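What follows is a single structure, written as structure tokens, with notes after it.
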Amino acid sequence: MTTEPVLPRVRPEIAALPPYKQGKPAAPDGFKLSSNENPFGPLPGVVEAVRSSVNLNRYPDATAGRLRAALGERYGVDADEVLVGAGSVALIAAFIQAAAGHGDEVVYPWRSFEAYPGLVLVAGATGVQVPNLADGRHDLDALAAAVTDKTRVVVVCTPNNPTGPIVTSAEFAAFVERVPREVLLLLDEAYAEFVTADDAVDGLGERVFEAHPNVVVLRTFSKAYGLAALRVGYAIGHRRVLDAARATQIPLSVTAQAEDAALASLEREPELRARVAELVARRERLVAGLRDAGWDVPDAQSNFVWLPTASSAVTEAFEAAGLIVRPFPDGVRISVGEEESLERVLAVARAIAP
Ligand SMILES: *Cc1c(COP(=O)(O)O)cnc(C)c1O
């Protein structure tokens with residue numbers, strides 16, 4: 001007879017969380033289209049840069065100084081206005097922890113990045129989810145209206161994961177004016193490189209954090225740069241705001257290899273652009289094919305498409321064809337993957353069109 005061991009007591013809100021479930025791997029002849037990963041490997045020269053970085057007995061540079069300098073140069077900001085983290089999700093966690101604790105509220109759109117609810121909960125704060133509009137865009141009026149004197153953080157995700165649409169520059173400019181200056185506004189631009197809409201907000205190009213020091217822009221090397229395994233992302237904003245997040249970050253979590261890979265990647269801009277252009281072309285083919293098949297696909301500005309559906313049969317049909325997609329209660333997200341995956345995705349989508 002086995003008896004349940006007595007386990008250490010943990011915070012009740014943590015104990016109530018569902019246990020972690022790893023996504024399914026794809027079969028050898030299948031495609032994993034469930035995590036918005038880049039089907040291309042790292043950019044040329046990146047693997048060599050990681051390989052030459054062999055001082056595994058030494059701690060990395062705690063501040064990722066070379067990468068901050070390179071990013072600062074690229075975006076025309078001081079290196080002190082850049083903070084590097086072990087993926088931008090780690091940075092979002094650090095900012096939320098720095099700004100919001102017990103009794104404080106974090107306002108974010110929903111459905112959006114699946115990590116937000118957990119990060120808010122771990123910080124001990126209360127999440128306020130604001131439903132998106134029917135077309136998958138953020139409801140910025142409702143987001144602004146949800147801000148109260150308890151709000152410490154507001155998150156905007158553009159393009160929104162998993163629905164796909166962007167926030168426009170004009171919409172963001174109006175929205176910023178409605179968020180109190182004491183409230184931290186995180187602009188999550190994890191997919192910025194894939195955006196083709198001319199009117200999209202570009203937090204770094206527009207330097208929104210200059211006129212509005214409560215705005216922090218977050219980007220990552222995981223998606224367009226194809227470095228998801230190495231865990232490296234960055235935040236750009238006011239240095240004092242970044243200091244607060246630095247204080248809550250886990251020290252030395254960005255490895256030297258991740259920093260070297262990111263630096264080498266930044267030197268390969270033409271190759272990056274070519275890959276992004278190829279993925280955008282595939283995205284456009286997917287969107288056109290899916291809409292032709294009768295799916296009501298929202299504007300797709302990242303490296304994934306969204307099929308609004310509550311049916312679990314949809315996910316099963318893709319899986320039966322060797323395509324691992326990402327199901328949600330109100331839709332299915334399909335990443336733009338290998339060239340050979342496109343026709344297979346479209347064939348399934350046509351067969352089960354609503
Ligand atoms: C993938 C993603 C991130 C960050 O990923 P990291 O790998 O942690 O850099 C952040 N926000 C959104 C919306 C994402 O989809």
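We count ligands from 1, going down the list as the structure has it; atoms in each ligand are counted the same way. In this text the structure is predicted, and so the values were computed from the model without any measurement. Worth knowing before you read on, the calculation uses all heavy atoms, side chains too, and leaves out hydrogens, waters and symmetry mates.
There is a path of hydrophobic side-chain contacts, each under 4.5 Å, that joins V305 to V348.
Residue-ligand proximity: N36 is placed with every non-hydrogen atom at 4.0 Å or more from ligand 1. Within the 4.0 Å heavy-atom shell around ligand 1 one finds Y191. The shortest separation from a heavy atom of G233 to ligand 1 is not under 4.0 Å, leaving the residue out of contact.
Taking the centre and axis of the six-membered ring of F209, the NZ or CZ atom of R207 falls outside the cone set by 45° and 6.0 Å.
Note on ring orientation: taking the six-membered ring where Trp is involved, the planes of F172 and F175 are tilted (angle from 30° to 60°). Under the 30°/60° scheme for interplanar angles, the aromatic rings of Y191 and F194 are found to be tilted.
Closest protein heavy atom to atom 11 (N) of ligand 1: D188 OD2, 2.7 Å. Among all non-hydrogen protein atoms, the one lying nearest atom 2 (C) of ligand 1 is K223 NZ, 2.5 Å. When only non-hydrogen protein atoms are considered, atom 8 (O) of ligand 1 lies nearest to R231 NH2, 2.7 Å. The nearest protein atom to atom 4 (C) of ligand 1, hydrogens excluded, is given as S88 OG, 3.0 Å; this is a heavy-atom distance.
Remark: D299 does not engage R137 in a salt bridge, criterion side-chain N to carboxylate O under 4.0 Å. Look at R152 and E182 and you find no salt bridge, because none of the NZ, NE, NH1 or NH2 atoms lies under 4.0 Å from a carboxylate O. Ion pairing between E269 and R273 holds under the 4.0 Å rule for side-chain N and carboxylate O.
Only the side chain of C157 comes within 4.0 Å of ligand 1, counting heavy atoms alone; its backbone N, CA, C and O stay farther away. Residue V89 touches ligand 1 through backbone and side chain together, judged by heavy-atom distances below 4.0 Å. At a heavy-atom cutoff of 4.0 Å, ligand 1 is contacted by the side chain of S222 but not by its backbone.
Not one N or O of Y116 is nearer than 3.5 Å to an N or O of ligand 1, by distance alone.
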